Amino acid sequence: MMSKYITTIGEKQYTVELIDATHVSVNDKIYEIDFVVVSGQPVFSLLLNGASFQAEVYPGEEDDLMQVLMRGRLYEALVEDEREKRLSSAAGAAAQSGEFVLRAPMPGLVVKVPVEEGAQVQKGDVLLILESMKMQNELKSPREGKVTRVQVKAGDSVEQRQVMLSVE
Amino acid sequence: MMSKYITTIGEKQYTVELIDATHVSVNDKIYEIDFVVVSGQPVFSLLLNGASFQAEVYPGEEDDLMQVLMRGRLYEALVEDEREKRLSSAAGAAAQSGEFVLRAPMPGLVVKVPVEEGAQVQKGDVLLILESMKMQNELKSPREGKVTRVQVKAGDSVEQRQVMLSVE
Amino acid sequence: MFDKVLIANRGEIAVRIIRACRELGLQTVAVFSEADRNALHVRLADEAYLIGPSPSRESYLQMERILDVARKTKASAIHPGYGFLAERSDFAQACEDSGITFIGPRPSAISAMGDKATARATVIAAGVPVVPGTEDVGNLTNEKLLAAARKIGFPLLIKATAGGGGKGMREVRNIDEMPHLLESARSEALAAFGNGDVYLEKLVEGARHIEFQIMADMEGNTVHLGERECSLQRRHQKLLEEAPSPFIDDDEEFRQRMGEVAVKAAKAVNYLNAGTIEFLVDKDKNFYFLEMNTRLQVEHPITEEVTGIDIVTEQLRIARGRQLSVRQEDVKMQGWAIECRINAEDAHNNFLPSTGYISHHVLPTGPGVRVDTGVFGGFQITPYYDSLVSKLVVKGESRAQAILRMRRALEEYRIVGVKTNIPFHQSILEQARFIAGKFDTRFVEERFSLEEAEGGKETHPEIAAIFATLVAHEQAERSAHIISRGKRDTSNWKWVSRWERMNR
Amino acid sequence: MFDKVLIANRGEIAVRIIRACRELGLQTVAVFSEADRNALHVRLADEAYLIGPSPSRESYLQMERILDVARKTKASAIHPGYGFLAERSDFAQACEDSGITFIGPRPSAISAMGDKATARATVIAAGVPVVPGTEDVGNLTNEKLLAAARKIGFPLLIKATAGGGGKGMREVRNIDEMPHLLESARSEALAAFGNGDVYLEKLVEGARHIEFQIMADMEGNTVHLGERECSLQRRHQKLLEEAPSPFIDDDEEFRQRMGEVAVKAAKAVNYLNAGTIEFLVDKDKNFYFLEMNTRLQVEHPITEEVTGIDIVTEQLRIARGRQLSVRQEDVKMQGWAIECRINAEDAHNNFLPSTGYISHHVLPTGPGVRVDTGVFGGFQITPYYDSLVSKLVVKGESRAQAILRMRRALEEYRIVGVKTNIPFHQSILEQARFIAGKFDTRFVEERFSLEEAEGGKETHPEIAAIFATLVAHEQAERSAHIISRGKRDTSNWKWVSRWERMNR
């Protein structure tokens, strides 16, 4: 059985075809592979035309991206078969904007909220300072927008993943 | 709920009562305990009146003995509740004798079988020499008896757990 | 003389101290918070007692509770590690009052060095150079500051008395721009801290942070064990340390001159046991006393590696009343050691602390590699304590070999479940300026960008794409047969082990 | 000059060599058998190629296949490790013929030292002392043997020419008992090997096995890196080694005298690269050449620890045509190192090899601890290769500290799934004779009993009973609810992880 996937990492797309148990092609170039999961470890080993690679590979927590941790570097890959790819292309960039929700990345104490509801923020502006693990951590806006809701204040304790504020 | 067990290690018997989640008694002496399995590891941690012990504990491969590996030493424990204990006492020492079956402890090559069928052997006599892991290993008789069946000969390859000979 | 030691700490340093005690045949008592029941220090100690809930102020900072455990278990000595109660003179005093040996300096030395003004005055009196400035008088008028500035010389720094984090700080190059900068510093300080007081400090340009390890016994014998280079910092947190310092390198005369001043500073407070004198060093080899850390230092292993002296063992010996096992002339630095602090921090996301369950943990091993850690596969990194996961230490014959070895060790190190700063260390170790030894305390923050550094590195997105595709494919194949697609929210570890069992 | 190295080996030594190559920036090519697809050396190398089925004669001993991989990958050097092809002069020659650098001695040196008679003749000619005897003439008559015995002196050993394993071996105290013992030795040898030939060898009483590490470069510069004490053996397998030897200890003059003889022996065969000269040493400090191992030695790490010299890195440098990085006068032994070979052998059952799946593997870490290993949690120990799981190496300031540290490290070391000889090492390290350094090559077999040693140790059967009961109780409670009782034949690991998930 041959399976064909379109795998996207960053801005690059790779057409990966699984030809048989020991061959794949990537963008039509054929490689000999030997791919195994290392027993007892969440580690995969790949010999690709003899070159040895190992990686941890696991599904992401909240999205469909595969996380590939290889040689100290994390790659996030979207793997789609041809049907899924057509669907997602149709959906298009419509979902690109929308609300950004700042959740607490870990339990902690809100030290300061330097923005107010309605404030205009730029990418990189500090939205909130959270104290955790004996450190003050600045949480920044990933993009330009307007602060819509602020749901915590300085002095509040927050649980992990608690919604703190939103930017639209 | 209180549970009472008779636990045998070597020739010693211990009456172990589980009083509640934080107390046990051993031969009527009460101890405060804090017992947990260490997450991610087959290791148990026990604080016993404050003294800290850790051990790997797992069921034996072929018998009902619990294996306790603690501070580099292996203890084999038979744990019985009161009903089981009465039954096993009744069964008594009847099962002590019977046939000893020598199985291959690992795959290997039979180098030599120094005994013949019908031969009388003493405890500690070499029954068979098995080559494995680049070593010649002498397999000895665990007790006195007569060799009943010899099922392999020098030069044979044997699989792990393959029956090689018997002593009765 | 004690033969049972209570370790009033947790994590890697508690494990480190328990190991040293064990190697000396001393009994050990661990204390732990509710979050730490499974921790390695609890399991390695001979005894272990719960002292309170997870937050450290309710457990590891509870002096009375810890002293109670010591009394109950007849532990007649306490090692405080670093952090928590290590630099609390009241705790050291409370130990002494209870007849318990505090494994560290005398309470008076902790007090003297703990207060910045007192420390400065004490070492100045002993003839130790300090950074010129007015810091101990924080409420001077602009006129007085301008007058003082001429004495200190330029460039200098205006700093907020109430301050921190760079707020209200200004670099001043000459007297003409100073009045203007004073005003803006004061107003920023006022806005940030509600206090407009400022003080002046000479700006040590291209400063390095170099510290000397001190050991002193009860008879007053005091030696230094050479220096550690600690200039690689981010937000005043040390990240990578080495011994010797590439700046001092083979200038043995300079090393001994600094070491003698360090010993002098320690003697000025009648120091006992292990401590560290921190210096700022400028490019012309002028050096200034910064502070003394009156405790075991996080980065003590690199000194152990190059001197062959076990500092924790030596601490225990000293506390038992023994003489130092070395004289100054016996101390030799041989080879080169580097320590990388592996923190649970997301190097790619502003070093945000990362918490979670470490599902998988493979340590680098082999020649010249040492790991000091308190974590293991199955350990939970909680938000209650600092983010140090482990200290990866390598030793090589030369600095070049140590760097190459550290790169190799970082590549082998595998932690799954929390994010770490390993990518940061990997990038630093490839920077030309680091390799050349040409860096100062501002290097990480001002001259280094992880994104830029990684931008230049070889990547393998194509290989990653193949990995991702093969795993996704097998997963899809399996889920079609076995598991409904919606169940993918199981943890990675379970998922992999399920796969593994199916494929074994 | 090569920049890609093929490692013709497996296990810990392949990993060791890959690490050294990586630290020098050299590319690495691994080869592997079917059993080793998952092995660490395959995953750490830059490239890896299957060379055949699991039995080593069909894979790791397949010279041509290995040379083919080298040619295909343009690896212009091969490191053979130890064992397998390491001491095969035909392989070294085949490398040379293919234009591939063999990282080891010249073929002529391997041949000369590989044949016992040639080796003996060569070193005798160079003035190196050997154990007096008649071994190179194995078919002498009783008359000639009696005459030779008078020359050799008593006590002496009669040994079977075809022999091994002590069969046909007799100790002779004087000439009167010799005729009788000759007869019984001959008849035992005849029965055991079908050959009644015997030879004589002087009995070195209370002999120690002490070896010297040699390094030699292409210009003929040859140095020794001091000695290793290897007397703790069982069935001629070394189990625990230390450097320095407690017998030589601080007798520097004796060390240098032996070292000079070792260098002389190496020079006699125009030696190149790393090698080891083994000596028998009697209680009066007479020493005799035993043999030369013309390769990297298993126990090389202890020499690295005390000299600070990385032997594998040095091997690679020498093979690249570089001069030795040290002269004899630069070599200093500092501190004390011990290595325990951790084997998959059941210490409580006649050291029977143990195979199986390592479900759990926690390494000891911390100050002064080094582990060289090729295994990991999830690795399968197969019956195809030797039983070495890892080499646990510690370094201390003194022998006493090294012993205490090794005890601590052995306690921390946890391997579940296969039996190991860790209990053996733990008992040896508590023996008074070992601690006093008073042991010879017969110590383990003649004077040591694991059962007796453990008999005297503190045990905790009561604690074990509590553990067993609590686990059995929880298991019974659970199985009553969830799993039918019959299902208990799942592996421990799965069983525990199931429990864990339920209790998380």
Side-chain angles (χ1 to χ4, degrees), chain C residues 12 15-16 18-25 40 44 300-301 304-305 308-313 325-326 332 334-335 357 360-373 376-378 390 393 395-398 400-401 403-409 411-412 491 493-494 497 500-501 504, chain D residues 12 15-16 18-25 40 44 300-301 304-305 308-313 325-326 332 334-335 357 360-373 376-378 390 393 395-397 400-409 411-412 491 493-494 497 500-501 504:
Chain C
E12 68 87 16
V15 171
R16 168 74 184 91
I18 290 170
R19 284 172 169 157
C21 290
R22 182 147 297 198
E23 289 175 8
L24 288 172
L40 205 52
L44 290 182
H300 74 275
E304 297 183 325
E305 293 300 320
I309 296 166
D310 185 318
I311 293 172
V312 180
T313 299
S325 66
V326 287
K332 296 272 170 287
Q334 198 188 23
Y357 176 78
H360 189 60
H361 191 225
V362 178
L363 297 174
T365 61
V369 175
R370 162 177 172 184
V371 184
D372 278 24
T373 183
F376 49 87
S390 70
V393 180
K395 185 189 176 187
E397 293 166 49
S398 62
Q401 195 192 28
I403 290 173
L404 292 163
R405 185 158 274 172
M406 181 60 91
R407 286 191 197 162
R408 185 272 285 176
E411 254 183 64
E412 287 183 25
S491 85
W493 172 255
K494 280 186 256 173
S497 71
E500 177 195 315
R501 262 175 271 141
R504 207 179 273 164
Chain D
E12 67 87 17
V15 170
R16 168 75 184 91
I18 289 169
R19 284 172 170 157
C21 289
R22 182 146 297 198
E23 289 174 8
L24 287 172
L40 205 51
L44 291 183
H300 73 275
E304 296 183 325
E305 293 300 318
I309 296 166
D310 186 316
I311 293 171
V312 180
T313 299
S325 67
V326 288
K332 295 272 170 288
Q334 199 188 24
Y357 176 78
H360 188 61
H361 192 225
V362 178
L363 297 175
T365 61
V369 175
R370 162 178 173 184
V371 184
D372 278 24
T373 184
F376 49 86
S390 70
V393 180
K395 186 188 176 188
E397 292 165 50
Q401 195 192 27
I403 290 174
L404 291 162
R405 185 159 275 173
M406 182 59 91
R407 286 191 198 163
R408 186 272 285 177
E411 252 182 65
E412 287 182 26
S491 85
W493 172 256
K494 279 185 257 174
S497 71
E500 180 195 313
R501 261 176 272 141
R504 207 178 270 163

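Note that these values count all heavy atoms, side chains included, but never hydrogens, waters or copies made by symmetry. Below, chain A is the first sequence line, B the second, and so on; all start at residue 1. Treat the numbers as computed from the prediction; the structure is a model and nothing was measured.
Of all heavy-atom pairs spanning C:Glu304 and D:Pro367, the tightest one is OE1-CB, 4.4 Å.
Put simply, NZ on C:Lys332 and NZ on D:Lys332 are 13.0 Å apart, with the number rounded to the nearest 0.5 Å.
When C:Arg407, C:Arg408, C:Met406, C:His361 are compared by the number of non-hydrogen pairs under 4.5 Å with chain D, C:Arg408 comes out ahead. Contact count against chain C (heavy-atom pairs under 4.5 Å) is highest for D:Arg405 among D:Arg16, D:Gln334, D:Arg405, D:Arg22.
When heavy atoms are compared at a cutoff of 4.5 Å, C:Ile403 does not approach chain D at all. Proximity to chain C is absent for every atom of D:Ser390, based on heavy atoms less than 4.5 angstrom apart. With a 4.5 angstrom heavy-atom cutoff, C:Gln401 touches chain D only via side-chain atoms. For D:Leu44, the part sitting under 4.5 Å from any heavy atom of chain C is the side chain, from C-beta outward, and nothing else. In this structure, chain C has no heavy atom under 4.5 Å from any part of D:Glu12.
At least one side-chain heavy atom of C:Arg19 sits under 4.5 Å from a side-chain heavy atom of D:Thr365.
A donor-acceptor contact shorter than 3.5 Å links the side chain of C:Glu397 to the backbone of D:Asp310.
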